[in-house]
Amino acid sequence: MAPSRTDPEPAVATETQRSLASVTENYHDTIVFYLNGTKVSLDTADPEITLLEYLRGIGLTGTKLGCAEGGCGACTVVVSQYNPTTKKIYHASINACLAPLVSVDGKHIITVEGIGNVKDPHPAQERIAKGNGSQCGFCTPGIVMSLYALLRNNEDPSELEVEEAFDGNLCRCTGYRPILDAAQTFSSGAKGCGMAKANGGSGCCKEKTNGSNGGCCKDGESNDDHQPIKRFTPPGFIEYNPDTQLIFPTALRKHEYRPLAFGNKKKRWYRPVTLQQLLEIKSCYPSAKIIGGSTETQIEVKFKAMSYSVSVFVGDIAELRGYTFAEDHMEVGGNITLTDLEDLTQEAIEHYGPERGQVFAAVHKQIRYFAGRQIRNAGTPAGNLATASPISDLNPVLVAANAVLVAKSLDTTTEISMSDFFKGYRVTALPSDAIISSIRIPCLQVKGEYMRAYKQAKRKDDDIAIVNAALRVRLSSDNVVEDSSLVFGGMAPITTAAKGAMEFLKGKLFTNPKTLEGVMGMLERDFDLRFGVPGGMASYRRSLALGFFYRFYHEVRSALNPEDAEVDEDALGEIEREISKGYKDHTVGAAYEKNIIGKEHPHVAALKQCTGEAQYTDDIPVQKNELYGCLVLSTKAHAKILSVETEAALDLPGVVDYVDHQDLPSPEANWWGAPNNDETFFALDEVFTAGQPIGVVLATSAKLAEAGARAVRVVYEDLPAIFTIEEAIAAESYFEHYRYIHNGDVEKAFAEADHVFEGVARIGGQEHFYLETNACIAIPKPEDGEMEIWSSTQNPSETQAYVAQVCGVAANKVVSKVKRLGGGFGGKETRSIQLAGICAVAAKKTKRPVRCMLNRDEDILTSGQRHPFLARWKVAVNKDGKLQALDADVFNNGGWSQDLSAAVVDRALSHIENCYRFKAWHVRGRICKTNTVSNTAFRGFGGPQGLYIAETYMAEVADRLGMPVEELQQINMYKANEETHFRQELKDWYVPLMYKQVLEESEYDRRKKEAEEFNKKSKWKKRGLAIIPTKFGISFTALFLNQAGALVHIYHDGSVLVAHGGTEMGQGLHTKMTMIAAEALGVPLDNVFISETATNTVPNGSSTAASASSDLNGYAIWNACEQLNERLAPYKEKLGKDATMKDVAHAAYFDRVNLSANGFYKTPDIGYVWGPNTGQMFFYFTQGVAAAEVEIDTLTGDWTCRRADVKMDVGRSINPAIDYGQIEGAFVQGLGLFTMEESLWHRGSGQLFTRGPGAYKIPGFRDIPQEFNVSLLKDVNWENLRTIQRSRGVGEPPLFLGSCVFFAIRDALKAARKEWGVEDVLSLRSPATVERIRISCADPIIQRAHVEPQEGEKSFFISI
């Protein structure tokens, strides 16, 4: 959504223009750089475009747009340059979406296309591809380039350097494990200890016990012969030779940086190369925007519609990138990159020693988790200071250290103390004509001075702080406090000192316990946050301020005297991660593999994806006369539309038209929605959610379309809005749909049971966060109203149907096509149709092709999420643990329209007992109607929510019975051939077997006892374990969708072209389908090709969803191949067994045999009837079990998953490599759902707040289990499984197993609460965010930090 209109800065005054012109009259206007080894000169560069826009505009589409805010890494390229700080060539991975074009002058840009291609890939590309590290592939080019940058800068990276190289990259498909495994083949050295100082830890057990001897507990484990360790090149892979890389162009070594000035009437860029030139410009034009890394400014321009008519890029001024080590301080240039500062602080610690260098250790610690590597390669401390963010990680350290900023203007040099620098929210003491030239960071005293820095965020890597702190204290020889700085970020509109606490500390004996208590009391007063404080989380933020000081106090006490009995040892240090590792059983297919099926094959497009050659919707070359669309979206949650004023937009140069509901062929054509047709493509006279499309502006470029959309003025009249399930229940706001499952005498079971327990299960939603946002190109044809639609959709047939509707033509005039999707997860099953319909209307009206790729915020606002659920459950159970009856009312939040909410709540009801048998059930489901986004399909489709309800009541019932939940699970687990509550017999039932195997293979019982022992000794850090089974029904619950078609052509050169109704979105569907065709026809795998999914080859296809696509489309392809085999049999017999398909097809062709076949398949036996509870609901169940162990830090809410063991029954796998990828990816997506992914709405505006990677956190590379073991069930028979190859669907079922991490956190929290004498039943809401973990503790710190709302006061955010 284009941001609201903002007025640009005032035009430059005439006299200023003359002055600026005279200062810059000798500046050059040509940008010169190298691109993949080729020189480029631009003398007509568009001053407003980014490097990403330039690259994609010239056809280098391997670099992707994922978020436009530097938060996902999909746009990563490498910029090679001479670094004036280090005096070396540095290959910087950067976010091309943020980099202004002016910043690349004199540098070498390397994109994913520049390092290799399918025929000659770079080893990084090949290993990620063959190591199954690319699924949908949209994030892959960025990940490849991050790895490439690491290897260019460091030929022998350590394991830690490899693991941390990706901290600025996200992937939603793979679960990260295979990417890390591929990347670690480049690391030097065998497996080491993650706690070792060499790997960034606080010290391995040996380093801590052996004193100066050092060493590591894992040294030598795999290197018994003491030979030098060589880099590992896997068999059959290209060896990595650093000498064969793209050289840094010789011409650039001699490149003389010249001052630049270029632009147009709207925008001027200046690039001075000396400090004097910069100060002259600033003197002439004080309001000129100074740009260092553009990591903040580009976000302001893109998402806040800020307009800067004059910008000055200062990244190439060597004087601002130097440093000096003085006697008592280090002085660094204001424009040194954060990466250089990160390295420099390590050098400073060596130079000044560990005691005096504590401040530099604090800076280093904060920078290490400051955004991602790409941001640190571009961002600068001066830029960070000037933006004055209240949650900057660097600012508290500089304030606490009493750092001094040196500000320079043309005539004056001013020194500003950091303690006086921040004046208000985003306001500083920097004079308007001055720049920050350097920062002086004082050293600490050799004795008696201590400093530490802390940070807590939603996610460890690449995340903004919730609260951060830098705490310093200087003590006399008898430990009396002489001076202190307790500085916090995230507690006020500016970086702020706890003045009351600092005043209290003065003159106090630090080692007196009363000092600690006094400071804690003063911190409560200093940070007396109200409940509705902006940013929310009042209790949590206060607890962090107190917790950070508590940790600091004991760390200082420990440093003063390690033997001090009053030191709280367990408060020392934070949670550390090992270098992650994992195991997979690659022999699983050996018992049943055939020539092709059953063997591990990489994703068929993986190498194309790794080289940037794979084409996605927005990569399709621009059509002649093409227009770009930008949606005009509602900004109100519920309101009447009084007027829509478009005149200002249509007056803008380049804006061509505005399209809305009036441009449809009939009022009826505006209505869409499966299956209820209850929402509109364009709003009429009322909007029901913020983000509802009102119209679309068409222009000759995407930027101009955005400007046009901003200029459209919509006048509203607010109406009452409903957001949460609880509010909907209170208002009785429901959709009509109501379903129930009733089996057995529930009332009798409750009457006769020993115990009846009640509770509430609550789970929030989840944003899909596929890396490729929704995109569409609508191409009108000149005849008969034909339309060609390229859409990133999971549902081409429904796209075809609705495009035909809005264009007023029959479906046979519309062809809907998909090459591949950059992820889908259900979010492109129905919601993609909205954009396709809008683009089609616009294309029909203008008779020109129309393209639209949504920005990340637009996509999140319009595409819906996973449904939040609330269940009120009641369970009857006997004292022996036998479950008797379940009664539950289940509600989901459907949002403003129904979409697929009915089928989602139905599936939740069918999975609400998980793997446990009751004697009687009565469960009911309703859909709440609210004013949030319209929630939709998401991997699992209500199954995970129903299963979560089951495990919630199991955990709480077990606690109330005083029995381990594992015992309750095993007592009540279904046995083979028993019936579910919807009367389906459990055939090929292996959950009990897998449960037993996971217990044994993970050494669960031993580790559970170890965790209990750990918890007895540890006050603040607690460990917990959980084991969770799952069964997931495979079939669409709508019977008619369980069908598929396929078309197989054999050409007379023996090559095979396959088409089917499924779409490839990273799940490996095309890979499995080509394997099935190759196996069926007896040809090599590379003989078979799938080009695309299109409605003119396979009509009436079902959406690619429900984990059923391999079953449905696979059998349809098999059916077509059987027909062909029957026709070709005489020729095979005649030509002999050695005849190739080319020989056979050639002979058949000349005999006029049809070499094309249309296959079809429909799932047999199914057909459940709701109400009577009859018929079979699912064709079969995919089953699995997972166990996890976590460790939580109860002082902060921080946590890590120490280990996870996952075992799935996928039958006879068609391709174990693809299935392992699906399991790992689903598990990590589930881990995100249940622990860190939280959608928040801003109460004041009714708008979604978490609309991009800056605010919405999916798991990153270092959030996965430290040890991540995955296996497939083997050595059993699947007698009743009648699927292709006897395989099971695997896309959705493993996702719920990620909840084992949630329930392990709950287990750890029980121990944490018990530590303080609280043993009542814990009702933990999902997701278990760091805030919820901390708030669920019961220690004195969280109790004193608790904030109660005043009468009528509400929270700042709404958690839906």
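As a basis for the values below, the full set of heavy atoms in this structure was taken, side chains included, without hydrogen atoms, waters or symmetry mates.
- Across E1237, Q766, R939, E1224, a single residue satisfies side chain to side chain donor-acceptor pair (under 3.5 Å) together with Q1229, and that is R939.
- Side-chain contact between D1307 and K1008 is present, with at least one heavy-atom pair separated by less than 4.5 Å.
- No option in R1203, R1007, R1006 other than R1007 meets the salt bridge (Lys or Arg N to Asp or Glu O under 4.0 Å) test with E1189.
- Here H768 and F938 bring their ring centres to under 6.0 angstrom of each other.
- Put simply, the side chain of N743 gets close to the backbone of H981: a donor and an acceptor are under 3.5 Å apart.
- A distance-only check finds no donor-acceptor pair linking the side chain of Y995 to the backbone of Y990 [under 3.5 Å].
- For the pair S1299 (side chain) and F1302 (backbone), a donor-acceptor distance under 3.5 Å is absent.
- In this structure, the side chain of E985 does not engage the main chain of E979 through any donor-acceptor pair within 3.5 Å.
- Ring geometry for F1296 against F1234 counts as perpendicular: the plane angle is over 60°, on a 0 to 90° scale with 30° as the lower cut.
- A donor-acceptor pair is defined here as one N or O able to donate and one able to accept, closer than 3.5 Å; such a pair exists between the side chain of D988 and the backbone of L1281.
- Looking at D745 and F750, their side chains never come closer than 4.5 Å, going by heavy atoms from C-beta outward.
- Smallest separation of non-hydrogen atoms from A728 and T930: CB-CG2, 4.1 Å.
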task = Apply the test side chain to side chain donor-acceptor pair (under 3.5 Å) to residues T936 and D899: give CA-CA distance (whole Å), side-chain angles for both, the deciding distance (0.1 Å), then the verdict.
result = CA-CA 6 Å; T936 188; D899 195 80; 2.7 Å; yes

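- A cation-pi arrangement is present between K1031 and F1181, with the terminal nitrogen or guanidinium carbon under 6.0 Å from the aromatic centre and inside a 45° cone about the axis.
- Partner of R1288 under the side chain to side chain donor-acceptor pair (under 3.5 Å) criterion, chosen from D1209, T1182, D1219: D1209.
- Between the side chain of R866 and the main chain of E767, no donor-acceptor pair closer than 3.5 Å is present.
- Minimum heavy-atom separation, S901 to N892: O-ND2, 3.3 Å.
- Because its NZ or CZ atom is not both nearer than 6.0 Å to the ring centre of F757 and within 45° of the ring axis, K874 does not count as a cation-pi partner of that residue.
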message = I'd like to know whether F1036 forms a side-chain contact (heavy atoms from CB on, under 4.5 Å) with F1179, so could you lay out the CA-CA distance, the side-chain angles of the two residues, the decisive distance to 0.1 Å, and finally the verdict.
response = CA-CA 9 Å; F1036 286 98; F1179 194 36; over 6 Å; no

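- Residues F982 and N1173 share a closest heavy-atom pair of CA-OD1, 3.2 Å.
- Between K882 and V877, every side-chain heavy-atom pair lies at or beyond the 4.5 Å cut-off.
- In this structure, the side chain of R1332 engages the main chain of P1327 through a donor-acceptor pair within 3.5 Å.
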ask   = Are Y1004 and E966 close enough, and set up right, to give a side chain to side chain donor-acceptor pair (under 3.5 Å), and what steps lead you there?
value = CA-CA 11 Å; Y1004 187 89; E966 297 87 350; 2.6 Å; yes

message = Between H911 and F1178, is the ring-ring contact (aromatic ring centres under 6.0 Å, His included) condition met? List the steps.
response = CA-CA 11 Å; H911 287 70; F1178 302 114; 5.6 Å; yes

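- Ring orientation note: the planes of Y738 and Y740 are tilted relative to one another, at an angle of 30° to 60°.
- For the residue pair K929 and S733, the shortest heavy atom distance occurs at O-OG, 2.6 Å.
- Of the possible donor and acceptor atoms, one in the side chain of N893 sits under 3.5 Å from a partner among the backbone N and O of F723.
- Residue D754 comes nearest to N878 through the heavy atom pair N-OD1, 3.1 Å, listed as atom of the first residue, atom of the second, then distance.
- Proximity of Q898 to S934: side-chain heavy atoms (C-beta onward) are nowhere separated by under 4.5 Å.
- Q794 places a side-chain N or O within donor-acceptor distance of the main-chain N or O of T1104, the cut-off being under 3.5 Å.
- Ring pair H742/H922 is parallel by interplanar angle, where below 30° counts as parallel and above 60° as perpendicular.
- With a 6.0 Å cutoff to the six-membered ring centre and a 45° limit on the axis angle, R917 does not count as a cation-pi contact of Y974.
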message = Between Y916 and E951, is the side chain to side chain donor-acceptor pair (under 3.5 Å) condition met? List the steps.
response = CA-CA 10 Å; Y916 312 116; E951 291 301 333; 2.6 Å; yes

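- Side-chain atoms of K1022 come within 3.5 Å of backbone atoms of N1015 as a donor-acceptor pair (strictly under, hydrogens ignored).
- Shown here for L900 and T830, the closest heavy-atom pair between the two residues is CD1-CG2, 3.6 Å.
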